[in-house]
Visitor: 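Pasting a structure below so you can have a look.
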Amino acid sequence: MTDLSWACPILHVDMDAFYASVAVRERPDLWEVPVIVGGGGRGVVLSANYLARHYGVRSGMPGTRARRLCPRAVVVSPDYDEFTTVSRAVMETFRRITPLVEAVSLDEAFLDVRGSAKRLGSPLEIAERLRAMVHDEQGITCSVGVAATVSVAKLASRRAKPDGVVVVPPEAITSFLHPMEVGELWGVGEKTRDLLLRFGLVTVGDLAHTPLPTLQRAVGDSLGRHLHQLAWGADRRELVPRSTADDPEKSMGANETFGRDTDDRDIISRELLRLSARVARRMRTAEVAGRTITITVRFADFTTITRSRTIPEATDVTHEVHRTALLLFDALGLQRARIRLVGVRVEGLVPRGSVHRQLMLGEREHGWRDADRAVDRARFRFGAEAIGPASLL
DNA sequence: TCTGGGGTCCTAGGACCC
DNA sequence: TCTGGGGTCCTAGGACCC
């Protein structure tokens, strides 16, 4: 077979059923049974192995539905520390192939192997080598898409699943892309898909053969242009080398769905405090602070609103975040609305060293900052359960 | 006992400033 | 006595991704 991969230096590597694979790799008792990760209570499925998928279980599906589809599936809780550890190791493996690794998430990365051909062979050979390395070192499988651009490589890896490689050489791009359904494109979700279907655009080929101005009238200038380019496989060929770990975050947040809907302000205030504490602690650990505090409120009927407020000085203080969050909540003036979820997010993060505190105004807050730091130290020494705001006890 | 939790980016209107 | 524009910040919502 002719190796057509030479013109395709972009690899997209995607772990197969990552969370589920990691969860079972040390559990031979689970190798032959359907396994679902997450989805307890009111949660949704994070990942499912291929045996569970055979029954129609998909990630993102409500756990209740998944358990109905496959009652004999074993449900396991996610262990994010473990996922992170395996992810880091896998990314290190990639960097032994090439330094040009753009991590997309814990279980996905793009690699530019342009410079590795002389040393390691064609992109296809590199893809197979890399899959063997991941399998031998981590005991999990992955799939690889090989193409000239990131979006085509991404679609190719999906086609390669599970445990395979798909190469899409330049001359095969249109025959590969155009039969696909528009919803398969990266960046086309449910809403855009429905919109396109209403205009009679079903396949990527339909999209490609619609005049650009027509498409832009339908979905807007910028999305229209973007989709048109994707439909011809024409997007970036250059990667932005980065790991998800060292990327500076622009916002940090936390939210929580209540076990049952509530209209009790005390319960909600306490939850906002817990979430504020969690977010502020992460900010202190990352040595960042932020000025814009946003709360999210989701009602029983699933309608969701956000309210935000920008304060004069960036903060990493639990008390300040919570005070602002509660202010925003009370300003909603809700009476007996049933609430399903609340969330707290801090945006506009900057390195804490760049924040200058106005001493006159900040004096009172310094006490709170010192208290937060003492709590952080105690948690570090004695564990997360040892100490927290009194009102959470 | 339908529908999580962590994010990013975009749009759009209004305020405000020059 | 007519009605500039550009830039930035803030707020709210929405779409999307894993």
Side-chain angles (χ1 to χ4, degrees), chain A residues 12-20 36-48 58-69 71 77-78 80 83-84 87 103-109 150-151 154 157-158 182-196 219-227 230 240 242 244-245 247-261 271 275 278-279 282 286 290-312 324 328 331-332 340-349:
Chain A
H12 179 254
V13 189
D14 200 333
M15 300 298 131
D16 298 327
F18 181 58
Y19 292 175
I36 295 172
V37 180
R42 300 223 263 185
V44 300
V45 173
L46 284 169
S47 178
R58 297 285 180 275
S59 51
M61 174 183 284
T64 50
R65 175 139 178 257
R67 291 193 292 273
R68 219 179 303 129
L69 284 171
S77 301
Y80 287 100
F83 299 153
T84 305
S87 175
V104 182
S105 66
L106 285 183
D107 71 329
E108 269 182 61
V150 297
S151 67
K154 168 102 180 162
S157 72
R158 196 182 302 164
V182 288
E184 296 203 43
L185 290 179
W186 199 17
V188 177
E190 202 189 332
K191 305 286 176 175
T192 307
R193 176 177 169 273
D194 288 351
L195 183 62
L196 293 170
V219 302
D221 282 2
S222 110
L223 183 59
R225 182 175 307 280
H226 181 62
L227 293 181
L230 287 188
V240 184
R242 65 174 167 207
T244 44
D247 226 13
E249 286 166 296
K250 300 185 169 81
S251 72
M252 288 188 188
N255 58 60
E256 177 90 2
T257 297
F258 294 113
R260 49 196 309 183
D261 302 342
E271 191 57 45
L275 297 170
R278 197 188 300 169
V279 172
R282 279 182 53 207
R291 285 179 58 211
T292 302
I293 288 108
T294 303
I295 63 164
T296 302
V297 177
R298 174 169 297 152
F299 299 100
D301 69 356
F302 228 72
T303 57
T304 306
I305 60 171
T306 62
R307 290 294 180 270
S308 65
R309 173 171 208 145
T310 301
I311 58 178
T324 309
L328 287 164
L332 292 171
R340 179 187 177 88
L341 164 150
V342 289
V344 175
R345 174 165 297 277
V346 181
E347 298 171 60
L349 300 185

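Numbers restart at 1 for each chain; the letters A, B, ... are given by sequence-line order, proteins then strands.
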Visitor: Scan side-chain atoms only and decide if A/Ser59 and A/Ser47 contain a donor-acceptor pair under the 3.5 Å cut-off.
Guide: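 No, A/Ser47 and A/Ser59 have no side-chain donor paired with an acceptor closer than 3.5 Å.
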
Visitor: Rounded to whole angstrom units, what separation is found between the CD atom of A/Glu249 and the C1' atom of B/dC9?
Guide: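 It is 16 Å, rounded to the nearest whole Å.
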
Visitor: Answer yes or no: does a side-chain N or O of A/Asn255 lie under 4.0 Å from OP1 or OP2 of B/dG4?
Guide: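 Looking at the OP1 and OP2 atoms of B/dG4, neither is under 4.0 Å from any side-chain N or O of A/Asn255.
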
Visitor: Toward the 5' end of DNA chain B, which comes first, A/Leu223 or A/Gly253, by nearest nucleotide?
Guide: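 Result: A/Gly253.
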
Visitor: I need the OH-C1' distance between A/Tyr19 and C/dC18, as an integer number of Å.
Guide: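 Rounding to the nearest Å, OH of A/Tyr19 and C1' of C/dC18 are 7 Å apart.
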
Visitor: Under 4.0 angstrom, heavy atoms only, what part of the nucleic acid is A/Arg68 near: base, sugar-phosphate, or nothing?
Guide: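 No contact at all - A/Arg68 keeps every heavy atom at 4.0 Å or more from the nucleic acid.
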
Visitor: When you compare the side chain of A/Asp107 with that of A/Phe83, does any pair of heavy atoms fall below 4.5 Å?
Guide: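 A/Phe83 vs A/Asp107: side chains apart.
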
Visitor: Classify A/Ser222 by what it touches in the nucleic acid, base, sugar-phosphate, or nothing, heavy-atom distance under 4.0 Å.
Guide: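 The residue A/Ser222 makes sugar-phosphate contact but no base contact.
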
Visitor: Would you mind classifying the nucleic acid contact of A/Val188 as base, sugar-phosphate or nothing, using non-hydrogen atoms under 4.0 angstrom?
Guide: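 Since only primed, P, OP1 and OP2 atoms lie under 4.0 Å of A/Val188, the category is sugar-phosphate.
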
Visitor: Is the ring centre of A/Phe302 under 5.5 Å from the base ring centre of B/dT3, and are the two planes under 30° apart, so that they stack?
Guide: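 Here A/Phe302 meets both the 5.5 Å and the 30° conditions.
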
Visitor: Tell me, do A/Ile295 and A/Leu328 make a side-chain contact under 4.5 Å, heavy atoms counted?
Guide: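 A side-chain contact under 4.5 Å exists here.
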
Visitor: Between B/dG4 atom C1' and A/Glu256 atom CD, what is the distance in whole Å?
Guide: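 Rounded to the whole Å, the gap is 10 Å.
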
Visitor: Counting any heavy atom closer than 4.0 Å, what does A/Gly343 reach on the DNA or RNA strands: base, sugar-phosphate only, or nothing?
Guide: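 Contact class for A/Gly343: none.
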
Visitor: Taking the side chain as everything from C-beta on, heavy atoms only, tell me whether A/Leu69 gets closer than 4.5 Å to A/Met61.
Guide: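 A side-chain contact exists here, since the closest heavy-atom pair is under 4.5 Å.
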
Visitor: Find the distance A/Phe299:CZ to B/dT3:C1' and express it as a whole number of Å.
Guide: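 It works out to 17 Å between those atoms.
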
Visitor: A/Phe83 has an atom CZ; how far is it from atom C1' of C/dC18, in whole Å?
Guide: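 One finds 13 Å between C1' of C/dC18 and CZ of A/Phe83, rounded.
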
Visitor: Looking for any heavy atom pair under 4.0 Å, which part of the strands does A/Arg260 touch: base, sugar-phosphate only, or nothing?
Guide: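 No contact.
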
Visitor: Who does B/dC18 pair with, Watson-Crick or G-U, both distances under 3.5 Å?
Guide: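 When the pairing criteria are applied, C/dG5 turns out to be the nucleotide that pairs with B/dC18.
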
Visitor: For A/Arg58 and B/dC2, what is the distance between atoms CZ and C1' respectively, to the nearest whole Å?
Guide: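 Taking atom C1' of B/dC2 as the reference, CZ of A/Arg58 is at 18 Å.
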
Visitor: Counting the atoms with a prime plus P, OP1 and OP2 as sugar-phosphate, which does A/Leu195 contact under 4.0 Å by heavy atoms, base, sugar-phosphate, or nothing?
Guide: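 No contact.
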
